[in-house]
Amino acid sequence: MLTNKTIVLGITGGIAAYKAVDIASKLTQAGAKVEVVMTESATRFITPLTLRAITGRPVVTSMWEPAGEFRVEHIALAEAADIIAIAPATANIIARLAAGISDDILSCTVLASKAPVLVAPAMHTAMFLNPVTQENLARLKARGFIIVDPASGKLASGGQGVGRLPDTEIIIAAIEKTLTRSSDLDGRHIVVTAGGTREPIDPVRYVGNRSSGKMGYALAEAARDRGATVVLITASPHPGPSGVEVVTVETATQMQSAVAKATVSADALIMAAAVADYRPKNVSPTKIKKQAPGLTLELVRNPDILAEAMGSFIKVGFAAESENLLENARQKLEMKQLDIIVANDITETGSGFAVETNRVTLIDKQGNVTELPLMTKREVADKILDRVGELLTKR
Ligand code: C5P
């Protein structure tokens, strides 16, 4: 798994920096090419020489050193990396990454790289639990960074608490999982829908819903990062992520045609869009004037895109419910002939529309039920894609 992988190991200036020696050593023994990048303060805790001896590679500590093997160091490292793992990560590097500041070799490398980035925070409990650190970590998570939670126990600064760098085995397992995820959908073709459709009443007004499109965008980004070719069919006005083919639609009917076209060669269709169930029967070509005391709109049923989508691809649907969550979700799974349904209770705090997080339950065709804790939409996306990936390999 780790053989011939290029792992950029970022080490920042915390007392746990000495543990990075063990991480570098185990990764090297496992066959990885470990390129160590140290911040200035990390070099106060351990010497670059130690890491050079362990990895057998030059260690990068500054933007301004005469170039070694890498010419424009941060760009070369950023491009060569299969993964960037920062362990230990101080509150400082976490804040700088969250803000996009690139004032040293490590932050520049991260900013210039398309590789997945794993961050293992290690610091005093109060610094870790400080709302600003927590907000910064949440921002990184939402952008797809993988955060390895710190362990609890005795701290170098005295006392007990959360903030210790987890054992090497835990960090290496997280690196392996991230590397698997970074290519498990290689060559797969995944269609994702997002946003709430808008069904016109007249040239100005429409019937719509509260969907922000965030879940679908997170799915598209996660699938792209795992190697898939992604078509994102969106009814949301937000620009789509880079590296993804974006098809913008407005109505359910338009979305249905786009889905039919995109799924011709698809391996999976994930319908995260909130499709309007009804549309106005007649669309006025001119703006409706407010002359009459009241206005009655006649609505007609829209097609059920997911139920009508035909093909041998994996079908994943969402059930946003405000009552009888699991029962309704199971019914939809069966009615729409899905492989997986993602059930979420939109009345729960932190779940549903326009927020960055979601708490969902995955139900599959075999009846397996997996209740997931509250997590970012990006993390939910990866959990869904783990299952899609499993189903695709079983085929
Ligand atoms: O039946 P309900 O609207 O709750 O089903 C939700 C799931 O079905 C979502 O995955 C949604 O994208 C999809 N859907 C659809 N076409 C519709 C309505 C919903 O594909 N007209």
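Quick caveat: nothing in here was measured; it's all calculated off a predicted structure. All ligand and atom numbering here is 1-based and tracks the order in the structure. The basis for the numbers below is simple: all heavy atoms, side chains too, and nothing from hydrogens, waters or symmetry mates.
Thr55 contributes atom OG1, which lies 11.0 Å from atom NZ of Lys33 (distance to the nearest 0.5 angstrom).
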Which N/O atoms of ligand 1 sit under 3.5 Å from a protein N/O, and at what distances?
residue, atom, partner, partner atom, Å
ligand 1, 1 (O), Lys336, NZ, 2.9
ligand 1, 4 (O), Lys332, NZ, 2.3
ligand 1, 5 (O), Lys336, NZ, 2.8
ligand 1, 8 (O), Lys336, NZ, 2.9
ligand 1, 10 (O), Met271, O, 2.7
ligand 1, 10 (O), Phe318, N, 2.8
ligand 1, 12 (O), Met271, O, 3.2
ligand 1, 12 (O), Ala273, O, 2.6
ligand 1, 16 (N), Ile305, N, 3.0
ligand 1, 20 (O), Ile305, N, 3.4
ligand 1, 20 (O), Leu306, N, 2.9
ligand 1, 21 (N), Pro303, O, 2.8

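With sequence neighbours excluded, the residues that form a side-chain contact (heavy atoms from CB on, under 4.5 Å) with Arg96 are Asn92, Ile93, Ile101, Asp103, Asp104, Ser107.
Residue-environment remark: CD (Glu308) exceeds the threshold of 12 foreign heavy atoms within 6.0 Å.
Remark: Asp277 does not engage Arg301 in a salt bridge, criterion side-chain N to carboxylate O under 4.0 Å. Ionic pairing of Arg226 and Asp184 is present here: one or more N-O contacts between side-chain nitrogen and carboxylate oxygen are shorter than 4.0 angstrom.
Using modelled atom types, one side-chain atom of Asn328 and one backbone atom of Glu323 make a donor-acceptor pair closer than 3.5 Å.
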